[in-house]
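This one's a predicted model, so the numbers in the text were calculated from it and none came from an experiment. Numbering of residues begins at 1 and proceeds along the displayed sequence.
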Amino acid sequence: MKNTALSSTHEALGAKMVPFAGYNMPVQYDGVNIEHEAVRKDCGVFDVSHMGEFLVEGEHALDLLQKVCSNDASKLTVGKAQYTCLPNDDGGVVDDLIIYKLKEDQYLLVVNASNIEKDWNWISSKNDVGATMRDLSEDYSLLAIQGPNAVEKMQALSSHDLAAIKFYNFEVGDFAGIENVIISATGYTGSGGFEIYCKNDEVKQIWDKVTAAGAKPIGLAARDTLRLEMGYCLYGNDISDTTSPIEAGLGWITKFTKEFTNSEALKAEKERGPKRKLIAFELDERGIPRHDYEIVDAEGNAIGIVTSGTMSPSLGKGIGLGYVPTEVSAVGTKIFIQIRKKAIPATIVKPPFYKA
């Protein structure tokens with residue numbers, strides 16, 4: 001089990017630590033609902049240093065990214081980030097990731113912790129164009145500072161105007177007394193804020209100053225409820241090697257203005273329409289939908305599966321994501337979630353569940 005540079009700090013704060021993606025990670029400190037509310041209403045900080053970072057550079061860096069990624073990385077300019085995915089050869093997804101354009105011919109790829117080795121091997125196997133690749137995952141830490149008060153509370157820690165960094169843009173500069181960190185207006189909570197990329201030996205100083213400035217430590221459990229309220233996909237649950245980006249609702253990051261891995265098959269799927277779709281639903285009665293619960297119709301026939309589910313702290317009701325046949329995927333459709341021996345009625349809704 002690997003530790004992040006802050007694992008001992010989390011333990012000293014009394015965090016409940018659990019194994020996650022091969023790392024010893026804080027799942028909660030004071031309770032999921034308390035931490036969730038802190039991010040929705042104020043400011044919280046997550047240690048997500050388990051995420052992977054690859055540097056892809058050289059004159060053929062863009063050629064490689066265009067080949068392996070579904071989105072059009074040629075649209076990136078220096079200082080901008082892009083959400084994308086790595087399609088596999090069989091219609092599924094190797095991983096979803098964010099690309100940051102650091103310089104001309106230099107890109108940072110941020111991948112899911114559980115997929116670091118898989119992603120590295122996959123991208124390397126496609127690198128017949130001579131792009132230079134470096135795995136920086138063991139050397140860098142990542143903090144997510146999230147919440148409506150994040151900019152106000154953190155502004156004194158940087159000479160950059162944090163409020164001026166637009167969504168999916170970033171600056172490289174000073175933060176909490178450390179130079180040359182990436183300050184990125186990306187996030188996974190839907191409540192604003194930014195993420196800080198720094199070296200492992202710098203993160204403790206940044207963490208201490210961020211928490212002293214008023215950011216509450218937040219664990220991975222609240223990170224999951226926050227992202228689910230926004231309807232954001234989680235790799236391994238809502239997207240996987242066997243789910244296509246088209247059926248997962250990721251057509252908006254799947255650009256057929258270029259050729260990429262399995263693009264012809266995905267284009268054909270988009271044109272004819274997928275057989276199933278990822279839907280968002282709210283329970284009409286009390287209950288908590290969980291991963292792998294069956295979705296059934298009014299007659300009790302299994303029609304799908306819940307991929308993510310929870311009791312929404314913000315809404316006070318059960319919410320979830322799951323796959324159903326396209327013909328029963330329309331917003332407003334009534335479905336049922338099989339919770340133990342009872343089929344709980346639910347309604348398909350348009351995400352996000354939480355609207356600020």
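At least one cation-pi condition fails for R227 and Y232: the charged atom is not both under 6.0 angstrom from the six-membered ring centre and inside a 45 degree cone around its axis. W207 does not carry K209 over the face of its six-membered ring by the limits of under 6.0 Å from the centre and within 45° of the normal. Geometric assessment of R134 against the ring of F54 yields a negative cation-pi assignment under the 6.0 Å and 45° thresholds.
The minimum heavy-atom distance between P87 and V68, with the atom names listed, is CD-O, 3.2 Å. Minimum heavy-atom separation, M311 to G318: SD-N, 3.8 Å. Here the closest non-hydrogen pair linking I348 and V328 is CD1-O, 3.2 Å. Nearest heavy atom pair, residue H36 against residue S314, reads NE2-OG, 3.0 Å. Across K67 and K126, no two heavy atoms sit closer than the pair NZ-O, 3.1 Å. Taking every heavy atom of both residues into account, P217 and L13 meet most closely at CG-CD1, 4.1 Å.
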Apply salt bridge (charged side-chain N to carboxylate O under 4.0 Å, His left out) to residues K204 and D208 and explain how you reach the verdict. CA-CA 6 Å; K204 179 63 164 63; D208 288 345; 2.7 Å; yes
Verdict with reasoning, L278 to C233, per side-chain contact (heavy atoms from CB on, under 4.5 Å): CA-CA 10 Å; L278 183 67; C233 289; 3.8 Å; yes
Could you please spell out the steps behind the side-chain contact (heavy atoms from CB on, under 4.5 Å) verdict for M25 and M17? CA-CA 5 Å; M25 297 296 292; M17 306 293 285; 5.6 Å; no
Intermediate values then yes/no, side-chain contact (heavy atoms from CB on, under 4.5 Å), Y235 and T243: CA-CA 10 Å; Y235 192 89; T243 59; over 6 Å; no
Going through the distances and angles, do R290 and V306 end up as a side-chain contact (heavy atoms from CB on, under 4.5 Å)? CA-CA 7 Å; R290 301 291 189 192; V306 175; over 6 Å; no
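No more than 12 heavy atoms of other residues, nucleotides or ligands shown are found within 6.0 angstrom of CD on E264. Within a 6.0 Å radius of CD in E327, other residues, nucleotides and ligands contribute more than 12 heavy atoms. By the neighbour-count criterion of 12 heavy atoms within 6.0 Å, atom CD of E152 is sparsely surrounded, having that number or fewer from other residues, nucleotides or ligands. Other residues, nucleotides and ligands place more than 12 heavy atoms under 6.0 Å from the NZ atom of K355. Sparse packing is recorded around CD of E259, with 12 or fewer heavy atoms of other residues, nucleotides or ligands lying under 6.0 Å away. Other residues, nucleotides and ligands contribute at most 12 non-hydrogen atoms within 6.0 Å of the CD atom of E37.
Between atom CG of residue N262 and atom OG of residue S244 there is a gap of 9.5 Å, rounded to the nearest 0.5 Å. Taken from SG in C69 to CG in L64, the straight-line distance is 8.0 Å, to the nearest 0.5 Å. We find the NZ-CD1 distance between K270 and I246 to be 5.5 Å, quoted to the nearest 0.5 Å. A distance of 7.5 Å separates CG in L250 from OG in S70, rounded to the nearest 0.5 Å. Separation of atoms NZ (K342) and CD1 (I339) is listed at 9.0 Å; rounding is to 0.5 Å. Here the NZ-CG distance, from K80 to L102, works out to 14.5 Å after rounding to the nearest 0.5 Å.
Ring-centre distance between F170 and F194: not below the 6.0 Å cut-off.
Side-chain contact between T225 and E35 is absent, with no heavy-atom pair separated by less than 4.5 Å. By the 4.5 Å heavy-atom criterion applied to side chains, Q82 and I98 are not counted as neighbours. You'll find the side chain of L65 reaches within 4.5 Å of the side chain of I99, heavy atoms only. The closest side-chain heavy-atom distance from I335 to D297 is not below 4.5 Å. Inter-residue side-chain proximity for L315 and E282 is flagged as met; some heavy-atom pair is nearer than 4.5 Å. Contact annotation: the side chain of I178 approaches that of Q205 to within less than 4.5 Å [non-hydrogen atoms, C-beta and beyond]. By the 4.5 Å heavy-atom criterion applied to side chains, K216 and C43 are not counted as neighbours. Counting heavy atoms from C-beta on, the side chains of I145 and F175 come closer than 4.5 Å.
When K277, K275, R276 are each tested for a side-chain hydrogen bond (donor to acceptor under 3.5 Å, both in side chains) with E247, only one passes: R276.
For the residue pair S191 / Q146, no side-chain donor-acceptor distance below 3.5 Å is found, with atom types taken as modelled. For the residue pair T347 and D284, a side-chain donor N or O sits within less than 3.5 Å of a side-chain acceptor on the partner.
A donor-acceptor pair under 3.5 Å is formed between the side chain of Q155 and the backbone N or O of L162. Checking side-chain atoms of N88 against main-chain N and O of G91 turns up a donor-acceptor pair under 3.5 Å. No side-chain donor-acceptor contact under 3.5 Å links Q28 to the backbone of A15. S137 places a side-chain N or O within donor-acceptor distance of the main-chain N or O of E53, the cut-off being under 3.5 Å.
Taking a cutoff of 4.0 Å between a charged side-chain nitrogen and a carboxylate oxygen, D241 and K118 qualify as a salt bridge.
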